[in-house]
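Keep in mind that what you see is a predicted model, and the values were worked out from it rather than measured. Hydrogens, waters and symmetry mates are skipped; everything else that's a heavy atom, side chains included, is used. Counting begins at 1 with the first residue of the sequence.
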Amino acid sequence: MKKCNPSYLLAFVAAIIAFPALVSCNSENTWGYDPEDYSGTQITGFNLKADANVLNNLDSVFFSINQIDASIYNAAPIPAGTDVTSIGVNISSDQVSVIEITQPAGDETEEKVVDYISTPDEKISFANGPVRIRLVSADGANERTYTVTLNVAKDVTDSLYWDKVDAGKMRMIQSAVASKTVKAGRQALTLSRNAGGNVAISTFVPASGNGGGNWDSQLITPTFDGGAAPALDVATFTASADGSVLGVVASNGTLFTSSDGGATFTTAAAGWVAITTPYADGFIGVTSHAGSYSYASWPASVWPGASAAEFDTEFPVAGTSSAVGFSSKWASKEQMIITGGLTASGIRTSGTWAFDGNAWARISDKLPSGSGWSLAAFTIAVTDSATWQIDRRNVLIAIGGLGHKPYTDVYVSRDMGVNWKKGSEELQLPEYIPFATGASLIVFEKTMTDAAPAAIKPITEWQCPYLYLFGGESADGVLLDDYWSGTVNYLTRKPLQ
């Protein structure tokens, strides 16, 4: 029998490896790879080159490529003020013979054209608007031009703008010497008192869709148990969480409440020193009997264990900020926060206190010691420099504390009062707003609208918070009668879709 020569077997195996078509001639990909397309003119990838001198993580800015209308853009804008006059770019494309980048002329007499293939590291200016990228296919038969837009935010993302146009004078009783404004549902109520002890309540209705608002022409003159107003501590004026009940404390310790918008007040309790915070459908406060202080609530069902709780001598009994409430997934009841104020011994405190429905706890002492802080929960916009997405962040803002000096800086807490830091320059009050201590800082959520074109579930409405700063006193104790309105401009713009 004839034996098979091993050298022939080895040669046959080598041929199969080298020429797979010998055994797979019916394969869809006969050659094992796609042939080059020399007629293509498509940009398949675009990004900016890293340059920390321009912006950290510049190369991570995401660009969308619309192949239908040949447009390239970053939907999430880079921060306002970024220098875009000299930026390197990376372009991925089909096999082409020409890639020309044309920059608008701007103040120059001629447009500048860059040959990207021969000088890929030459930097491009986006300062004069979108640039154009012209591609010519490798076989010279086709060409296409893309428009590249580098979107830069018009406003500093984390900026709080106070508009002089949306400012005005408060409506108060004639010759007022004290005032306090509270939020009651979709409006604000201002209780003012003059030197003669007369009091009145005015109503402010914020404008819809922007800052500003209007005062009702009529003042409410409240009655107290059918008679004239007693000597009221106007600073204790408070509205319940839903605005349905108003409360105020008289100098003799009587707590008065009103359920008809302030027209009539009736006696609710005695011995009250302060209303610390609204809670549920009533109020949490402090009482004093024979010089001994206790926590209190009205009605008693709001905090059944109030009077039995041990009173902390460092707890403020006057001059505290208005309370801010928030919900947490770790707690079954709403949390309330106050900051600053005076203890029973008259010492200014730096404490920030939180109430969880069962007890008060001091959570921080990071703010400067002072009374009269204006406190509000607000939303700011922050750009994530890794993803370049703009996120909304809930923060606490504190303004106008008065200690051994006026604290003119705006302080911010990003962890609901545990830590406080001076806010960025963009969050500080403008020079034209005077220092005010004991002012009322109120937030109204407003529905912004936009006439959107036909689309699948277009965004036509979104919520935007507006801050209102009412009244307060100067560092010298002079009553101020101005109100101001401000917001983060970025939040007024239609969200990206």
Side-chain angles (χ1 to χ4, degrees), residues 178 180 182 232-239 247-251 253 255 269 271-279 282-289 291-298 302-303 305-307 309-326 334-377 396-407 411 413 416-420 436-441 472-473 475 477:
K180 173 74 177 295
V182 299
L232 296 180
D233 180 1
V234 174
T236 66
F237 185 48
T238 309
V248 67
V249 176
S251 60
L255 169 66
W272 279 56
V273 175
I275 298 176
T276 308
T277 175
Y279 199 79
F283 307 104
I284 301 294
V286 175
T287 59
S288 176
H289 299 282
S292 178
Y293 289 87
S294 302
Y295 300 115
S297 73
W298 178 91
V302 169
W303 183 14
S307 59
E310 183 179 356
F311 188 81
D312 193 321
T313 57
E314 293 186 353
F315 189 80
V317 300
T320 61
S321 70
S322 295
V324 168
F326 70 97
E334 186 178 26
Q335 317 288 293
M336 303 300 295
I337 291 178
I338 60 172
T339 195
L342 302 172
T343 66
S345 57
I347 298 175
R348 293 189 181 96
T349 178
S350 61
T352 297
W353 295 76
F355 179 74
D356 65 355
N358 298 305
W360 281 105
R362 183 168 176 160
I363 61 173
S364 171
D365 59 358
K366 301 296 178 63
L367 269 180
S369 299
S371 60
W373 287 102
S374 302
L375 183 68
L396 294 179
I397 292 179
I399 302 173
L402 182 62
H404 66 281
K405 66 175 184 177
Y407 300 118
Y411 287 83
S413 174
M416 302 313 290
V418 176
N419 291 286
W420 291 91
T437 188
S440 300
L441 191 59
E473 295 181 350

Practice prompt. Please check if the side chain of K180 supplies one atom and the backbone of A235 the other of a donor-acceptor pair under 3.5 Å.
Written response: yes
Discussion item. Using the rule given for side chain to side chain contact (heavy atoms under 4.5 Å, CB included), can you reason through L396 versus V324, listing the C-alpha separation, both sets of side-chain angles and the distance that settles it, and then say yes or no?
Written reply: CA-CA 9 Å; L396 294 179; V324 168; 3.8 Å; yes
Item to complete: Could you tell me which non-hydrogen atom of A323 sits nearest to which non-hydrogen atom of M336, and how far apart they are?
Response: CB-CE, 3.8 Å
Practice prompt. Without swapping roles, check the side chain of T238 against the backbone of T236 for a donor-acceptor pair under 3.5 Å.
Written response: yes
Worksheet item: When you check the side-chain N and O atoms of S364 and T352, is any donor under 3.5 Å from an acceptor?
Response: no
Worksheet item: Taking the side chain as C-beta and beyond, is there a heavy-atom pair between S321 and I338 under 4.5 Å?
Response: yes
Worksheet item: Does a side-chain heavy-atom distance below 4.5 Å link L441 with I399?
Response: yes
Discussion item. Would you compute the distance between atom CH2 of W373 and atom OG of S322 and round it to the nearest 0.5 angstrom?
Written reply: 14.0 Å
Discussion item. Let me confirm one number: the CD-OG1 distance from E334 to T277, rounded to the nearest 0.5 Å.
Written reply: 8.0 Å
Practice prompt. Quick one: sort the F315 and Y295 rings into parallel, tilted or perpendicular, breaks at 30° and 60°.
Written response: perpendicular
Item to complete: Report yes if the side chains of T276 and V286 come closer than 4.5 Å at any heavy-atom pair, otherwise no.
Response: yes
Worksheet item: Residues in ring-ring contact (aromatic ring centres under 6.0 Å, His included) with F355, at least two apart?
Response: Y279, W303, W360
Worksheet entry | Closest non-hydrogen atom pair between S374 and S440, with its separation | OG-N, 4.4 Å
Item to complete: Measure from the side-chain N and O atoms of S413 to the backbone N and O of W420, and report whether any donor-acceptor pair falls under 3.5 Å.
Response: no
Worksheet entry | Passing candidate, side-chain contact (heavy atoms from CB on, under 4.5 Å) with L255, options V248, V273, I275 | I275
Practice prompt. Give the minimum heavy-atom separation between L402 and R348, together with the two atoms involved.
Written response: O-NE, 3.3 Å
Worksheet item: Where is the tightest heavy-atom contact between W272 and A296, given as atom of each residue plus distance?
Response: CZ2-CB, 3.9 Å
Worksheet item: Minimum heavy-atom separation for A436 to G472, with atom names?
Response: CB-CA, 4.5 Å
Worksheet entry | Spatial distance of atom CD1 (I337) from atom CD1 (I363) [nearest 0.5 Å] | 4.5 Å
Item to complete: Could you tell me the separation between the OG atom of S251 and the CG atom of D233, rounded to the nearest 0.5 Å?
Response: 8.5 Å
Worksheet entry | Interatomic spacing from OG in S369 to CG in L342 - rounded to 0.5 Å | 10.5 Å
Worksheet item: At what distance, to the nearest 0.5 angstrom, does OG1 of T339 lie from CG of L367?
Response: 4.5 Å
Discussion item. How close do T437 and G400 get, counting heavy atoms only, and between which atoms?
Written reply: OG1-O, 2.9 Å
Practice prompt. Could you check if a side-chain atom of V302 sits within less than 4.5 angstrom of a side-chain atom of I284, using non-hydrogen atoms only?
Written response: yes
Worksheet item: Side chain of Y293, backbone of V317: donor and acceptor closer than 3.5 Å?
Response: no
